[in-house]
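Structure, as structure tokens:
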Amino acid sequence: MGYRKEILIPKELIRKRVKEIAEKIRMDYEGKELVLVGILKGCVFFLADLAREIPLSIKIDFLRVASYGSEMVPGKANLTKDVEIPLNGKHVIIVEDIVDTGQTLNYVKEIIKNKGAESVKTCVLIDKLERREKEVELDYCAFKVEKGFLVGYGLDYNEENRCLPDIYILKEE
Ligand code: IMP
Ligand code: MG
């Protein structure tokens, strides 16, 4: 038994939504010191495309958390790579590929708040609704899906399919 990929969101549509979100961010952060903090590795293409569409002098940084597991408790334990830019007094937008249970984004938001950021917002490529456990406010969101496992445009399945330009849903065959 294997999986086949079915296209769900073509790259043209991704590009359109990225531009729309970038424009919202530009209006919201004009004149402010903005740092985009991406959660590795799923965020890379989304963050790279988004950052280049925002005509402000923004900074970018990244952190990494150990993926999937039990309840994440804010602290160092699940953080495998920290940000390097001091975030004290900065306006931060956390950039994530997909929100599923909400554990990861909640955890990262706590970490960033604890670094003394002036404001912390979230920007996600995909809001996947079915399995949400932790409420987390999504300030900017490109797409909503009900359920399913997605790959492409940064999203992987065991490190496979991450670099595809479109987003696919995996279907059992
Ligand atoms: P959460 O902590 O349950 O919200 O999980 C978020 C993380 O799980 C994301 O950063 C992804 O790495 C991974 N993930 C959840 N759903 C998918 C999916 O459909 N495709 C690829 N990765 C996923
Ligand atoms: Mg991820």
task: Dump the intermediate steps for side chain to side chain contact (heavy atoms under 4.5 Å, CB included) on I126 and L150, then the final yes or no.
output: CA-CA 9 Å; I126 292 158; L150 313 189; 3.5 Å; yes

If you measure from the Lys or Arg side-chain nitrogens to the Asp or Glu carboxylate oxygens, is any gap between [X] and [Y] under 4.0 Å?
X    : Y   : value
E159 : K41 : yes
R15  : E12 : no
R4   : E6  : yes
K24  : E20 : no

Side chain to side chain contact (heavy atoms under 4.5 Å, CB included) evaluation trace for V37 with L63: CA-CA 7 Å; V37 171; L63 53 70; 4.1 Å; yes

[atom1]-[atom2] distance between [X] and [Y], expressed to the nearest 0.5 angstrom:
X    : Y    : atom1 : atom2 : value
L129 : K144 : CG    : NZ    : 6.0 Å
K32  : I25  : NZ    : CD1   : 12.5 Å
L50  : F46  : CG    : CZ    : 5.0 Å
I14  : L125 : CD1   : CG    : 6.5 Å
E118 : K113 : CD    : NZ    : 13.5 Å
D61  : I112 : CG    : CD1   : 8.5 Å

Exercise: identify the closest heavy-atom pair between [X] and [Y]:
X    : Y    : value
I169 : K147 : CD1-O, 4.0 Å
H91  : S119 : ND1-OG, 2.7 Å
A66  : T80  : N-CG2, 4.1 Å

query: How far apart are the C-alpha atoms of D82 and K115, what are their side-chain angles, what is the distance that settles it, and do they pass the salt bridge (charged side-chain N to carboxylate O under 4.0 Å, His left out) test?
result: CA-CA 11 Å; D82 206 347; K115 291 179 186 293; 3.0 Å; yes

field: Aromatic plane relationship, Y29 with Y140 - under 30° parallel, 30 to 60° tilted, over 60° perpendicular
entry: tilted

query: Are side-chain N/O atoms of D97 and Y153 paired as donor and acceptor at under 3.5 Å?
result: no

Would you say the side-chain atoms of [X] pair up with the backbone N or O of [Y], donor to acceptor, closer than 3.5 Å?
X    : Y    : answer
D139 : T122 : yes
Y168 : F149 : no
K128 : G148 : yes
R64  : K81  : no
N161 : V151 : no

query: Could you go step by step and tell me if R26 and E23 meet the salt bridge (charged side-chain N to carboxylate O under 4.0 Å, His left out) rule?
result: CA-CA 5 Å; R26 181 190 67 78; E23 174 59 11; 2.8 Å; yes

task: Start with the C-alpha distance between F62 and V83, add both sets of side-chain angles, then the distance that settles side chain to side chain contact (heavy atoms under 4.5 Å, CB included), and finish with yes or no.
output: CA-CA 5 Å; F62 299 92; V83 294; over 6 Å; no

task: May I have the step-by-step check of salt bridge (charged side-chain N to carboxylate O under 4.0 Å, His left out) for E135 and R132, ending in yes or no?
output: CA-CA 7 Å; E135 268 324 307; R132 191 65 34 85; 5.7 Å; no

query: Which one of L36, V92, I85 satisfies the side chain to side chain contact (heavy atoms under 4.5 Å, CB included) criterion with K59?
result: I85

message: Under the criterion side chain to side chain contact (heavy atoms under 4.5 Å, CB included), I'd like the reasoning laid out for I9 against D166: C-alpha separation, chi angles, the key distance, then a yes or no.
response: CA-CA 6 Å; I9 309 171; D166 309 279; over 6 Å; no

message: Is it the case that atom CD in E146 sees more than 12 heavy atoms from other parts of the structure closer than 6.0 Å?
response: yes

